[in-house]
Amino acid sequence: MNKIQMKTPLVEMDGDEMTRILWKMIKDELLSPFVDLKTEYYDLGLEYRNETNDQVTIDSANATLKYGVAVKCATITPNAARMTEYNLKEMWKSPNGTIRAILDGTVFRAPILVKGIVPYVKNWSKPITIARHAYGDVYKNTEIKVPGAGKAELVFTAEDGTEIRELIHSFDGAGIIQGIHNTDKSISSFARACFSYAVDTKQDLWFATKDTISKKYDHNFKDIFQDIYDKEYKETFEKLGIEYFYTLIDDAVARVIRSEGGFIWACKNYDGDVMSDMVATAYGDLSMMTSVLVSPNGVYEYEAAHGTVQRHYYKHLKGEETSTNSIATIFAWTGALRKRGELDGLEDLVDFANKLEAACIKTVEDGKMTKSLSLISTCENPVILNSLDFIKAIRETLEESLK
Ligand code: NAP
Ligand code: MG
């Protein structure tokens, strides 16, 4: 068989622990035999990040800006325990945070639907994609624990010294205050990423805040979204027959539960944090979620939504058998290959990505799965496979579909 050829390289970001093991298996079994893989490789494994003082993470993000599409393996975000485990020079920042800051992106997460894994919400027959704004609000807050009676004020001092001052509260005893912010620039980027992704995937976009209560703060989000929609996207949305829909956050949650899915739900930072966990859990779990970082200038980075599956890795190191689900990591590769194919006009690459995804789904629907999947599947007599055998089973299904 002739291998599928690529034009532009993908930026390949390798990672840590069990997902690093799966990464190699996926390349060896499911990609290299079929595609003449062209990648620019960056090792984001913690050891090499430490060796390069995290420069490799920055380089990989800049390469993504250059080439446009990246695929990333899960990586360790160091904490105190990892400092000792890996003998780190510094507690390096989360690679995802660093990459997101450079690409100025928004993360879109969507479940991978498989027959036999039934969402808790029975009418959700299509995926709901959550887009979470990843800057500001309560995640960059300033807080004061008020010790006793006194006056709390909100003060903005302009560069020329003029002040805007608002009374927050006159305390007659102890209490608490919090200052939060966002920027029009970040909100606009978020809005553009959401509108672009909706156009890209031809899905409706929902956005909700609490603007009836937060008449300036949340209202600003609503206005920026509406303004960008009217000026830049309305025409395209109408041409594609998709809709932009704004409502109050409490109305949105009620509608989401009653819906059949099949749309993008744009959430402010906190709403997205909470709702993405709810939606992921309701559809199955994180091992069946895709995640893509979309920058407002049309750059894409695909990854799995789960972490490095540390517990399985330690079993693997002890020589014990693991049954780790590789589907989300495979979908990171297929997402990136399909996007590369679309950008480069390579129909066979797009077709291969679609077939590999279909092969993953068919393999599970045929009853062959990993242990974690068998626990959430209604399949009567699942065949539980180890990490490598599961990937080999997907390869068999794939080869059948390529005949
Ligand atoms: P995790 O890797 O997502 O795993 C948590 C647990 O979920 C696992 O122990 C496993 O449960 C189950 N699980 C997750 N993915 C699975 C899969 N593909 N197949 C089967 N089971 C799966 O989260 P963590 O253990 O809290 O974090 C480990 C490391 O990942 C941390 O160092 C963290 O910094 C990093 N992390 C990275 C990313 C990223 O790069 N995007 C995201 C999150 C966390 P059982 O053990 O019960 O089988
Ligand atoms: Mg959370």
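All heavy atoms count here, side chains included; hydrogens, waters and symmetry mates do not. As the structure is a prediction and not an experimental result, all values here were calculated from the model.
One finds the OG atom of S326 at 13.0 Å from the CD1 atom of I21 (value rounded to the nearest 0.5 Å). Rounded to the nearest 0.5 Å, atoms CD (E400) and OG1 (T363) are 11.0 Å apart. Taking CD1 from I144 and CD1 from I177, the interatomic distance works out to 4.0 Å, rounded to the nearest 0.5 Å. Of the inter-residue distances, the one linking I99 atom CD1 with K93 atom NZ reads 12.5 Å to the nearest 0.5 angstrom. Rounding to the nearest 0.5 Å places OH of Y244 at 9.5 Å from CG of D230. With values rounded to the nearest 0.5 angstrom, L346 atom CG is found 7.5 Å from T8 atom OG1.
For the residue pair T209/H219, the side-chain donor-acceptor check at 3.5 Å is not satisfied. Between the side chains of Y246 and D211, a donor-acceptor pair is found at a separation under 3.5 Å. Checked by atom type, the side-chain pair E321/N386 shows a donor-acceptor distance below 3.5 Å. Side chains of T322 and Y313: a donor-acceptor N/O pair is absent below 3.5 angstrom, by distance only. A donor atom on one side chain and an acceptor atom on the other are found under 3.5 Å apart for W23 and E12. For the residue pair K371 and N325, no side-chain donor N or O sits within less than 3.5 Å of a side-chain acceptor on the partner. Inspection of the Q310 and T308 side chains reveals no N or O donor paired with an N or O acceptor under 3.5 Å. Looking at T247 and D251, their side chains do bring a donor and an acceptor atom within 3.5 Å of each other. Side-chain contact, K72 with T75: a donor N or O sits under 3.5 Å from an acceptor N or O. Judged by distance alone, the side chains of Q55 and N53 never bring a donor and an acceptor atom under 3.5 Å apart. E235 and Y233 share no side-chain donor-acceptor pair at under 3.5 Å. T129 and Y197 share no side-chain donor-acceptor pair at under 3.5 Å. A donor and an acceptor atom, one from each side chain of D160 and T162, are located under 3.5 Å apart. Residues T64 and E301 bring no donor and acceptor atom of their side chains to less than 3.5 Å of each other. N269 and R132 are linked by a side-chain donor-acceptor pair at a separation below 3.5 angstrom, with hydrogens and angles left out of the test.
Annotation: side chain of Y135 is in contact with side chain of K140 (closest heavy-atom distance under 4.5 Å). Under the 4.5 Å side-chain criterion, counting only non-hydrogen atoms from C-beta, V114 is in contact with M288. Residues I4 and D36 fail the side-chain proximity criterion, which asks for heavy atoms closer than 4.5 Å. Inter-residue side-chain proximity for T39 and V11 is flagged as unmet; no heavy-atom pair is nearer than 4.5 Å. Residues Y217 and N182 meet the side-chain proximity criterion, which asks for heavy atoms closer than 4.5 Å. By the 4.5 Å heavy-atom criterion applied to side chains, F331 and Y302 are not counted as neighbours. Residues N50 and Y86 are not in side-chain contact: their nearest non-hydrogen atoms beyond the backbone lie 4.5 Å or more apart. Residues L44 and V56 have side chains in contact (heavy-atom distance under 4.5 Å, counting atoms from C-beta outward).
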Should R338 and N354 be marked as a side-chain hydrogen bond (donor to acceptor under 3.5 Å, both in side chains) after you check the CA-CA gap, both sets of side-chain angles, and the distance that decides it?
-> CA-CA 8 Å; R338 181 170 40 240; N354 291 337; 2.7 Å; yes
Might you work through the side-chain hydrogen bond (donor to acceptor under 3.5 Å, both in side chains) test for H133 and S186, ending with a clear yes or no?
-> CA-CA 9 Å; H133 185 207; S186 175; 2.8 Å; yes
Run the salt bridge (Lys or Arg N to Asp or Glu O under 4.0 Å) check on D389 and K368 step by step: do they pass?
-> CA-CA 10 Å; D389 286 346; K368 284 172 255 174; over 6 Å; no
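Remark: R82 engages E17 in a salt bridge, criterion side-chain N to carboxylate O under 4.0 Å. Contact check on K24 versus D14 returns no salt bridge, with no Lys/Arg side-chain nitrogen under 4.0 Å from an Asp/Glu carboxylate oxygen. A salt bridge is defined here as a Lys NZ or Arg NE, NH1 or NH2 lying under 4.0 Å from an Asp or Glu carboxylate O, and E399 with R395 meets this definition. Residues K362 and E365 are not paired through a salt bridge, judged by the lack of any N-O separation under 4.0 Å between the basic side chain and the carboxylate. Between R20 and D43 a salt bridge is recorded (basic side-chain N to carboxylate O distance below 4.0 Å). The pair K392-E396 fails the salt-bridge criterion, with no side-chain N (NZ, NE, NH1 or NH2) lying under 4.0 Å from an Asp/Glu carboxylate O.
The minimum heavy-atom distance between P147 and A174, with the atom names listed, is O-CB, 3.6 Å. Between L113 and S125, the shortest heavy-atom distance links the atoms CD1-O, 3.3 Å. Across every non-hydrogen atom of S291 and V107, the tightest pair is OG-CG1, 3.4 Å.
Within a 6.0 Å sphere centred on CD of E380, other residues, nucleotides and ligands contribute 12 heavy atoms or fewer. More than 12 heavy atoms of other shown residues, nucleotides or ligands fall within 6.0 angstrom of atom CG in N79. Counting non-hydrogen atoms of other residues, nucleotides and ligands closer than 6.0 Å to CD of E163 gives a total above 12. Heavy-atom contacts from other residues, nucleotides or ligands closer than 6.0 Å to OH of Y41 number more than 12.
The side chain to side chain donor-acceptor pair (under 3.5 Å) test with H312 singles out one residue from T19, T324, T370, and that residue is T324.
Using cut-offs of 30° and 60° for the angle between ring planes, the F237 and F195 rings count as perpendicular. Ring planes of F221 and F207: tilted class, angle from 30 to 60°.
For residues 46-57, the pairs satisfying salt bridge (charged side-chain N to carboxylate O under 4.0 Å, His left out) are D16-R49, with sequence neighbours left out.
For the pair K339 and Y300, the cation sits on the ring face: its NZ or CZ lies under 6.0 Å from the ring centre, inside 45° of the axis.
Annotation: F245 is not in aromatic contact with F263 [ring centroid separation under 6.0 Å not met].
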